[in-house]
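Data block below; observations after.
All chains are named by letter (A, B, ...) in the order of the sequence lines, taking the proteins before the strands, and each is independently numbered beginning at 1.
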Amino acid sequence: MIDVKLLQKNFDETATALMRKKVSAETIAELKSANETLKSAKQAYETLQAKQNELSKLFGQYKKEGKSTDELKAEVDANKVTLGELLDAQRAAEEALDAIIMRVPNIPDADVPDGEDEESNVELRKVLTPPIFSFTPKEHWELAEQNGWIDFEKGVKLAKSRFSVVGGMGARLERALINFMLDFNRERGFEEYSVPMLVNRRALEGTGQLPKFEEDLFKVEEEELYLIPTAEVPLTNLFQDEILASADLPIKMTGYTSCFRKEAGSGGRDVRGMIRQHQFHKVELVAITTQDQSDTVFDEMVACASDLLAALGLPHRLVTLCTGDLGFGAARTVDLEVWLPGQNTYREISSVSNTRDFQARRAKIRYKEDGKNILAHTLNGSSLAVGRTMIAIMENFQQEDGSIIIPDVLQKYL
RNA sequence: GGAUAGAUGGCAGAGCUUGGUUUAAUGCACCGGUCUUGAAAACCGGCGAGGGUCAUACCUCCCAGGGUUCGAAUCCCUGUCUGUCCA
């Protein structure tokens, strides 16, 4: 959630920044006026409430002194009616503001490049050189089926399309990858957590998935619980409603969970193979920092994910997302794209974002500094989507006969 | 599933029977100071959150939501969660 006060204090600058994220001028104007309406509604209510409190105190005093309270009561009763009306007005104003602001995305950092879509993303650097094959490299679904690692039909039998079953060496590789990533992250100072994969509405509002992206979440019937789309949700919300000591920051966390997404908007994209599944495994990095620390920790997280890929021997590139490609809550994002020889292209395998205080404001994550409570900064990043890492391993380390060489660093985990 | 007890500030814990200077005692923790070579102890002071204001004032919050009342942490109802017992 953005800070509405910015709009009040610094309208032009804030509006311009929001428009970079395609927020319409009308929405911005509505936001401002909704906030002003709320402010004056509050003021009206509170002024009368103060009066009422005073009269009530008098009432007690009169009773004690044996004075007549008839006149007082008449006044208080009259106020009560008005007070009810004012309260209704205030609530309506609150709801109106909420309806708008909960759907307004974060303000991008000033140095984030402008652009409509991924075409305008800016490459930061490439790491490792894509392998050259003496044969035509296959795509991962061919390799997966040939090696008996992944069974797409069984996934459909058990659930529906976009589900798959991993078996044999594939299953062992999956487990090895998870363990390798967690150990790697722990060595970089990220503490490991194992968290619920079902969370309540409040948590999803805290990290920004709700209310706007309800259609992309799997919901448990009659339970008000949702399957998490990413471990970012439980990990970040671990500190929901808390005031942390600044000495305890940064808090750096890692965790492995399954993730569940309806992929509502992704139509026919990536239906083949396991690039885009309803259920996938991911090791996540999350950090809660002071406002001063977040840039440094952001770099650490990017480096952590990139070094992990490098340790696996996977060629990849780092890309700064332009405004049009930036997610809802992110102020800046660096994507890591791994080289897929079968597809002859780089594909996203990790995404590291700094949300600044956008999530912290919603989730009420604060820290105390010099006696003041300050909104924390929250960051998240995939320390690799496991399925996509498997794809990358298959495609990059395939041999002419379709067999796959597993990276050395994983050997001890198999 | 049934019964029962409970939910108060970072934690512990009073207040609820008898509704009215209770935002809420007290202890611990924490912060600042005095003392000390330094530290501990002792003593003095501060110490919940959100909104609002230049700053005050003021408003809201004692699990959540309703209700009773001039007035609710305190009374009533509903829900959620936790403990204990029963099946």
Side-chain angles (χ1 to χ4, degrees), chain A residues 1-10 31-98 100-102 195-196 198-206 210-211 219-226 234 237-249 251 288 290-291 357-376:
Chain A
M1 180 160 65
I2 64 156
D3 184 2
V4 214
K5 275 186 256 173
L6 281 179
L7 216 48
Q8 224 64 56
K9 262 187 254 169
N10 216 336
L31 190 56
K32 183 167 189 267
S33 80
N35 188 44
E36 279 160 2
T37 307
L38 174 60
K39 249 180 116 163
S40 59
K42 262 192 167 166
Q43 208 173 8
Y45 173 74
E46 286 178 7
T47 308
L48 189 58
Q49 183 65 257
K51 179 101 187 282
Q52 195 76 330
N53 288 345
E54 207 176 304
L55 293 179
S56 286
K57 235 177 238 176
L58 262 186
F59 198 100
Q61 199 181 314
Y62 279 23
K63 277 266 184 195
K64 217 179 276 174
E65 293 168 1
K67 281 203 223 166
S68 162
T69 54
D70 295 352
E71 223 169 289
L72 255 187
K73 183 153 162 47
E75 191 178 356
V76 148
D77 281 342
N79 282 348
K80 215 166 151 182
V81 176
T82 321
L83 218 44
E85 287 162 6
L86 290 174
L87 185 60
D88 288 343
Q90 185 189 314
R91 285 193 178 158
E94 257 161 6
E95 271 173 41
L97 177 62
D98 250 23
I100 304 169
I101 200 168
M102 289 297 272
V195 290
L198 288 166
V199 295
N200 56 34
R201 213 183 151 82
R202 170 86 172 84
L204 286 154
E205 282 171 352
L210 287 180
K219 187 179 180 191
V220 180
E221 286 298 322
E222 296 175 16
E223 273 283 357
E224 273 304 303
L225 289 174
Y226 298 78
N237 280 289
L238 238 29
F239 299 95
Q240 170 198 105
D241 262 323
E242 294 195 13
I243 299 171
L244 303 154
S246 56
D248 292 339
L249 299 178
I251 293 170
I288 316 276
T290 67
Q291 303 205 345
D357 61 11
F358 186 82
Q359 293 179 328
R361 183 171 293 106
R362 291 177 166 226
K364 297 198 172 72
I365 304 171
R366 293 149 294 172
Y367 63 93
K368 207 172 259 299
E369 195 171 77
D370 298 329
K372 283 187 158 182
N373 296 328
I374 301 171
L375 288 170

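- Side-chain contact between Q240(A) and K364(A) is absent, with no heavy atoms from C-beta onward closer than 4.5 Å.
- Taking a 4.0 Å limit (strictly below) on heavy-atom distances, residues 75-90 of chain A reaches RNA chain B at V76(A), D77(A), K80(A).
- Remark: K219(A) engages E224(A) in a salt bridge, criterion side-chain N to carboxylate O under 4.0 Å.
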For nucleotides 18-23 of chain B, tabulate all protein N/O to nucleotide N/O atom pairs closer than 3.5 Å, reporting atom names and distance.
residue: G20(B); atom: N2; partner: S56(A); partner atom: O; Å: 2.8

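- Among the protein residues, R91(A) comes within range of the sugar-phosphate backbone only, with heavy atoms under 4.0 Å from sugar or phosphate atoms but none that close to a base.
- On the P atoms, U56(B) is 28 Å away from G65(B), given to the nearest whole Å.
- With sequence neighbours excluded, the residues that form a side chain to side chain contact (heavy atoms under 4.5 Å, CB included) with K73(A) are F59(A), D77(A).
- Taking 4.0 Å as the cut-off between side-chain N and carboxylate O, E36(A) and K32(A) count as a salt-bridged pair.
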Kindly give the atom pairs (protein nitrogen or oxygen, nucleotide nitrogen or oxygen) under 3.5 Å for nucleotides 80-83 of chain B.
none

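- For F239(A), the ring-ring contact (aromatic ring centres under 6.0 Å, His included) test picks out no residue, with sequence neighbours left out.
- A straight line from NZ of K73(A) to P of U69(B) spans 8 Å, rounded to a whole angstrom.
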Can you name the atoms? Protein N/O to nucleotides 46-52 of chain B N/O, anything below 3.5 Å, with the distance.
residue: A49(B); atom: OP1; partner: K368(A); partner atom: NZ; Å: 2.8
residue: A49(B); atom: OP1; partner: N373(A); partner atom: ND2; Å: 2.9
residue: A49(B); atom: O3'; partner: R366(A); partner atom: NH1; Å: 3.2
residue: G50(B); atom: OP1; partner: R366(A); partner atom: NH1; Å: 3.4
residue: G51(B); atom: O2'; partner: K42(A); partner atom: NZ; Å: 3.4
residue: G51(B); atom: N2; partner: E46(A); partner atom: OE1; Å: 3.4

